[in-house]
Trainee: 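Starting off with a structure, shown below.
These figures come from a predicted structure and were not determined experimentally. Order of the sequence lines fixes the chain letters, A, B, ..., with proteins taken first and strands second; residue numbering starts at 1 for each chain.
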Amino acid sequence: MISNKALAEQFEQFAKILELKNELSFKISAYQRAAEAIRSQGESLEEIYKRGGIKELQKIEGIGESISQKIEEYIKTGKIKELERLKNKIPKAELEFMEIPGVGPKTAKKLFEKLKAKNINELKEKLKKQGLKFFKEKTQANILRGIEIKSHLSGRMLLADAKPYVDSIIAYLNKSNLMERVTAVGSFRRFKETVGDIDLVATSSVPARAIKYFVEYPEFTKIITSGETKSTVIHSSGIQVDLEILPENEFGSLLQHFTGSKEHNIALRTYAQEHGFSISEHGIKEKSGKLILCPKEEDVYKTLKMDYIEPELREDRGEIEAALKHQLPKLVELKDVQGDLHMHSNWSDGSNSIEEMAQKAKELKYKYIAISDHTVSLAVAGGLDAKGFLKREKELKRVNQKFTSLKILNSCEVNIKPDGTLDLPEESLRRFDIVTASVHSSFNQSKEMMTKRLIRAIENPNVDIIGHPSGRIINRREGYQVDWPEIFKACVANKVALEINAFPDRLDLVDSLVQEAKKFGVKFVICTDAHNVSQMDNMIYGISVARRGWAEAKDVLSTRPFPELQTWFKKR
DNA sequence: GCCGTTTTCGGCCCGACTGTTTTCAGTCG
Ligand SMILES: Nc1nc2c(ncn2[C@H]2C[C@H](O)[C@@H](COP(=O)(O)OP(=O)(O)OP(=O)(O)O)O2)c(=O)[nH]1
Ligand SMILES: [Mg+2]
Ligand SMILES: [Mg+2]
Ligand SMILES: [Zn+2]
């Protein structure tokens, strides 16, 4: 079984090698675009290939004859001969040198050919000793600085982890009075699950002074560039921060440009081009050369006769076509949420009491919450057995009497055993108001077994929700192998909802699969899986996953009032 | 390499910053 990630990496490698071979830039872009298309595909490419072969693969934008054949080869043999051949011809060191910030294919090649270094460590020494023979002083210093910076870079950061840094930097910038409209953009504004850097925009009538103030932020350890309108720095946490500043009347264009995604921008600009416009962060140029200014972001889309596209949709996944046809979804919002159906109390591994969780829910103006403590076989998490849950019922009854406008539901997060049965007896399961079933063991089952296992759970009439359906943990663990279309069909047939788990390192179901599932008519619940009261505030991260998956309020059951929710889950 | 209600050939998003190339290449967003 081949992951889309592994497949995407093959084509990223292709692109890198083609760069070193000084191939046509458009050919390189084609490989990069294909890699990105594969990476952002919800369904597994292998599954798509099995369903419809090469032809089906070619329906994906950016994948044509040559690349689809390579995908087929990779699925069948586990490697791409052409890539292996190229890899053997290109010095490994050149590929490694390209990872240094500021070093591209041209410099990497020159470094290898002139200095004959085999790796970055060796390069550092040789560059210091004899670099000036081949490079001017500033260039030598810049490459050495790039090596230094590379060792401090942190890699992609969880969206939620970036938030406090973003807030602090914005607060600092707002103190200055040198700029206005300071806004976080890029992947952060699109609520992508991880961010590669922090991108900011602002307006100013004195941009040079504003940039100077920006780079003086005490937490910035390195300044990479600092120009008249743009600057790039490295934060002490190892994350890069980019800022662009333009005049007030260009703000809409700037916001649009820097929010991205790159793929969305290219698609938008290509469409504009075909209709006689040229888009940049400064405005929209007509053929005549006249510049249409866009003070507001909506102006950019309006000029192209498109509906406004929410940032979460800007991934070139069909949003431009939909905006032209006025068929964009009305995305679910945080304020639509009526309750949270997955949380743990101190009856299992949570750290707050049921009453404390309920109090927090009341503050959030929820109409219902489900206390879904773990079940017995998850011993490490203090899972309850049937007896334990019976005892807990008394406490639930007591707390429920204290809250008039909040229903506290008797629930559990029951383990799905390797064979698809649940680890609580039938008579115990029947007592719950709502049951979430999750996989917490034997993650490495084959795709066939895992799919069967999940479907057996879905077909169990006691089950209402499948919790964190893929089991992935961001930056730590890939999701287990599942035949998703089969799961989606089973959910619809059995009236079982899929959870969108809002825990910042889960965000599971992943956004691209939400979009797929929605096409099958699957319903979702967005839940925090909170283990204490403050984690109940993570709801926003689940909402953003749903939005990135094009979900509307009607797709999300936990936006409905309790009686409707109850009716929906009532089995046939 | 990909793609096509003007095309199966000939285009492919657009601009800023840096260094040293006096007019631009390399790298990046
Ligand atoms: N038109 C255009 N815009 C770009 C290009 N590269 C980047 N941008 C814009 C859109 C991006 O969202 C924005 C910020 O660039 P980043 O490299 O930080 O990407 P982004 O934040 O989307 O993802 P990230 O999480 O940082 O990897 O700048 C490009 O090649 N063309
Ligand atoms: Mg970014
Ligand atoms: Mg950036
Ligand atoms: Zn849980």
Trainee: Categorize A:S231 for me: base, sugar-phosphate, or nothing, with a 4.0 angstrom heavy-atom threshold over every strand shown.
Mentor: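 It contacts nothing in the nucleic acid.
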Trainee: Between B:dG29 atom C1' and A:I198 atom CD1, what is the distance in whole Å?
Mentor: 15 Å
Trainee: Under 4.0 Å: is that the gap between some side-chain N or O of A:H282 and OP1 or OP2 of B:dA16?
Mentor: yes
Trainee: Could you tell me if A:K518 sits above the aromatic ring of A:F524, with its cationic atom closer than 6.0 Å to the ring centre and no more than 45 degrees from the axis?
Mentor: no
Trainee: Considering every strand and a 4.0 Å limit on heavy-atom distances, what is the contact class for A:S25: base, sugar-phosphate, or nothing?
Mentor: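 It contacts nothing in the nucleic acid.
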Trainee: Base, sugar-phosphate alone, or nothing: which one does A:I28 contact when heavy atoms must sit under 4.0 Å apart?
Mentor: nothing
Trainee: Below the 4.0 Å mark, does B:dC24 have OP1 or OP2 next to a side-chain nitrogen or oxygen of A:K106?
Mentor: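 Indeed not, no polar side-chain atom of A:K106 lies that close.
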Trainee: Given atom CD of A:E94 and atom P of B:dG26, what is their separation to the nearest angstrom?
Mentor: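 Spelled out: CD on A:E94 to P on B:dG26 is 15 Å.
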Trainee: For B:dG29 versus B:dC13, give the span between their C1' atoms, rounded off to a whole number of Å.
Mentor: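 Looking at atom C1' only, B:dG29 and B:dC13 are 12 Å apart.
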Trainee: Going by the side-chain hydrogen bond (donor to acceptor under 3.5 Å, both in side chains) test, name the single residue among A:H264, A:R548, A:K192 that passes it with A:E315.
Mentor: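 Among A:H264, A:R548, A:K192, the one that satisfies the side-chain hydrogen bond (donor to acceptor under 3.5 Å, both in side chains) with A:E315 is A:R548.
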Trainee: Using atom C1' of each nucleotide, how far apart are B:dC17 and B:dC2 to the nearest Å?
Mentor: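 One C1' to the other, the span is 31 Å.
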Trainee: Could you state the CG-P distance from A:N142 to B:dT27, rounded to the nearest angstrom?
Mentor: 12 Å
Trainee: Among B:dG15, B:dC13, B:dG1, which nucleotide has an atom closest to any side-chain atom of A:E281?
Mentor: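 For A:E281, the side-chain atoms sit closest to B:dG15.
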Trainee: Return the orientation label for the A:H235 and A:F220 ring planes: parallel under 30°, perpendicular over 60°, tilted otherwise.
Mentor: perpendicular
Trainee: Within this structure, what is the CG-to-P distance between A:L254 and B:dC14, rounded to whole angstrom?
Mentor: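 Atom CG in A:L254 sits about 17 Å away from atom P in B:dC14.
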Trainee: Mind calculating the distance between CZ (A:F214) and P (B:dC17) to the nearest angstrom?
Mentor: 13 Å
Trainee: What is the separation between atom OH on A:Y271 and atom P on B:dG4, rounded to the nearest whole Å?
Mentor: 15 Å
Trainee: Kindly say if A:Q273 contacts the phosphate of B:dC14, meaning a side-chain N or O under 4.0 Å from OP1 or OP2.
Mentor: yes
Trainee: Determine the interatomic distance between P on B:dT20 and the same-named atom on B:dT27; round to the nearest Å.
Mentor: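 Approximately 14 Å lies between the P atom of B:dT20 and that of B:dT27.
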Trainee: When rounded to the nearest Å, what value does the distance between C1' atoms of B:dG11 and B:dA16 take?
Mentor: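 Each nucleotide's C1' atom is 25 Å from the other's.
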Trainee: So what does A:S29 touch, heavy atoms closer than 4.0 Å: a base, only the sugar-phosphate, or nothing?
Mentor: nothing
Trainee: Report which part of the nucleic acid A:I279 touches: base, sugar-phosphate, or nothing (heavy-atom distance under 4.0 Å, all strands).
Mentor: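 Contact class for A:I279: sugar-phosphate only.
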Trainee: With heavy atoms under 4.0 Å as the rule, sort A:E23 into base, sugar-phosphate or nothing.
Mentor: nothing
Trainee: Across the strands shown, which category fits A:I266 at heavy-atom distances under 4.0 angstrom: base, sugar-phosphate, nothing?
Mentor: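 The answer is base, as A:I266 lies within the cut-off (heavy atoms under 4.0 Å) of a base atom.
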Trainee: For A:Y31, report the nucleic acid contact type (base, sugar-phosphate, nothing); a contact means any heavy atom under 4.0 Å.
Mentor: sugar-phosphate
Trainee: Between the side chains of A:Y49 and A:E56, does any donor sit under 3.5 Å from an acceptor?
Mentor: no
Trainee: Take the protein atom CD of A:E250 and the nucleotide atom P of B:dC14, then report the distance between them rounded to whole Å.
Mentor: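 Roughly 17 Å, once rounded to whole Å.
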Trainee: Does a side-chain N or O of A:T229 approach OP1 or OP2 of B:dA16 to a distance below 4.0 Å, or not?
Mentor: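 Checking B:dA16 against A:T229, no side-chain N or O comes under 4.0 Å of OP1 or OP2.
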Trainee: B:dC14, B:dG1, B:dT27: which one has an atom nearest the side-chain heavy atoms of A:P105?
Mentor: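 In terms of side-chain proximity for A:P105, the closest of B:dC14, B:dG1, B:dT27 is B:dT27.
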Trainee: Which part of the nucleic acid, if any, lies within contact of A:K109, taking any heavy atom under 4.0 Å across all strands shown: a base, the sugar-phosphate backbone alone, or nothing?
Mentor: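 Touches nothing.
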Trainee: Is the charged tip of A:K296 near the ring of A:Y308: under 6.0 Å from the six-membered ring centre and within 45° of its axis?
Mentor: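 Judged by the rule (NZ or CZ under 6.0 Å from the ring centre, within 45° of its axis), A:K296 is not positioned above A:Y308.
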